[in-house]
2 protein chains.
Amino acid sequence: MEFKETKEKFIQSWGVLGSSWGINKTMAQIHALLLITPEVLSTEEIMKELHISRGNANMNIRALMDWGIVTKSFKVGERKDFFFADKDIWEVARKITRERSKREIEPVIKILKDLKDVKGNDIEINQFRETVSALEAFTSKLNSVIDKFAKSDEHWFYKKLLKLVK
Amino acid sequence: MEFKETKEKFIQSWGVLGSSWGINKTMAQIHALLLITPEVLSTEEIMKELHISRGNANMNIRALMDWGIVTKSFKVGERKDFFFADKDIWEVARKITRERSKREIEPVIKILKDLKDVKGNDIEINQFRETVSALEAFTSKLNSVIDKFAKSDEHWFYKKLLKLVK
DNA sequence: TAGAACTTTCAGTAATTAATGAAAGCTTAT
DNA sequence: ATAAGCTTTCATTAATTACTGAAAGTTCTA
């Protein structure tokens, strides 16, 4: 297989994985492209490589910067912006994890905490309270693991993981 | 707040959480409804409660059964199917985790394993190989943790988690 | 302060994904 | 064998989500 095809297959696959995890396809593809590119890339270059429009490129590059996994950089004598991705996969995983927890899990925990205070003694309400409490307990626990992960350094977590899987 | 509203808010929130994790809204809502309902429900009842069509209800109930988190049951003297959800949240989490790993993570690992064998010595190809290897290592590790989790009983994993977070 | 080089926005459009409901398919009872 | 009661399918339609590209905005240079 040609390197060009290999590269395309990788970008493509990463896009598919992204969409099934709620990250939009183009965002995942731009990230994939930057991950495997040793130098920085301009918006133009990203547009050309992925055959996407300026607006689309701009929006998704910004989203990647918001997530903290892509950084803007400059070249002397050039006015254009250039971009590169953090190549440390653990760091990337930590940032994504943290960001998604903040956006998706934390608001749900907040709602669950409220809802489990519902008053009443019907069998229906009891079942409700029990389920919501169990979900809240689970989700909070999960979130605290995520938080720990997000703040950890690679070696600490890696050691722990090894123990866990052993 | 009325119990009815509380219930609706819960179903609604669970639907939102579901969509951001690649599980379709209705599927998550039916699951939420069954989780908080002490008795079994028929397709009709689910349709009425969530204001959805017969086809939609049927498709998503089947998906929930495929995932192994909802079960069909019968009532003596009735021909209709009834459904209930497994109320054990840990068990549900295990099944979802396992299912998603199988559908989404494992195929990607397979592709990454192939791609990292790309031949060549350009700086570009070296960066590619390095990134893909790192992703593969990370994803495989993650998957083995998931697998361990999926096979574990609650107490084993809970104890491990406690240690991890401590 | 004019205009070139570049970035951002956003209304309109396209693509994707989910939902509907009528029809076809089963199953059971007589 | 048939019809009632129920489930499943799937072509059509609706809703959602993502993308485009032209125009407006910004920044830098001279």
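Below, read A as the first sequence line, B as the second, and so on, with proteins coming before strands; counting in each chain starts at 1.
Regarding B:Ile52, its CD1 atom lies at a distance of 19 Å from the P atom of D:dA14, rounded to whole Å. Per the geometry, NE2 belonging to B:His51 stands 13 Å off P belonging to C:dG21, to the nearest Å. Between the CZ atom of A:Phe74 and the P atom of D:dT27 there is a distance of 12 Å, given to the nearest Å. Here the C1' atom of nucleotide C:dT8 and the CG atom of A:Asp81 are 11 Å apart, to the nearest Å. Atom-to-atom, NZ of A:Lys72 to P of C:dT7 comes out at 8 Å; the value is rounded to the nearest Å. Atom CE in A:Met59 sits about 14 Å away from atom C1' in C:dT7, given to the nearest Å. Rounded to whole Å, the distance from CZ on B:Arg62 to P on C:dA18 is 15 Å. Between the NZ atom of A:Lys25 and the P atom of D:dC19 there is a distance of 6 Å, rounded to whole Å.
Note on B:Asn56: a base of the nucleic acid sits closer than 4.0 angstrom, heavy atoms only. Heavy atoms of A:Asn58 sit under 4.0 angstrom from at least one base atom.
The side chain of A:Arg54 has C:dT7 as its nearest neighbour among C:dT7, D:dT7, C:dA19. Distance from the side chain of B:Thr26 is smallest to C:dA18 among C:dA18, D:dT20, C:dT8. Comparing atom distances between the B:Lys80 side chain and each of D:dC19, C:dC6, D:dC6 picks out D:dC6 as nearest.
A:Leu35 and B:Ile111 fall within the same hydrophobic cluster, defined by Ile, Leu, Val, Met, Phe, Trp and Tyr side-chain heavy atoms under 4.5 Å apart, directly or through other members.
For D:dC6, the OP1/OP2 oxygens have no side-chain nitrogen or oxygen of B:Thr43 closer than 4.0 Å. Using a 4.0 Å cut-off, no side-chain N or O of A:Asn60 falls inside it from OP1 or OP2 of D:dA18. Between B:Arg79 and C:dC26 there is no side-chain N or O to OP1 or OP2 distance below 4.0 Å.
Contact check on B:Asp117 versus B:Arg129 returns no salt bridge, with no Lys/Arg side-chain nitrogen under 4.0 Å from an Asp/Glu carboxylate oxygen.
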> Where do B:Arg103 and B:Glu99 land on the salt bridge (Lys or Arg N to Asp or Glu O under 4.0 Å) test, with the steps shown first?
Replying inline: CA-CA 6 Å; B:Arg103 293 177 194 208; B:Glu99 199 66 24; 2.8 Å; yes

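Remark: B:Lys75 qualifies as a cation-pi partner of B:Phe82 under the 6.0 Å distance and 45° angle criteria applied to the six-membered ring.
Note that CE of B:Met27 and CG of B:Asp66 are 8.0 Å apart. Values are rounded to the nearest 0.5 Å.
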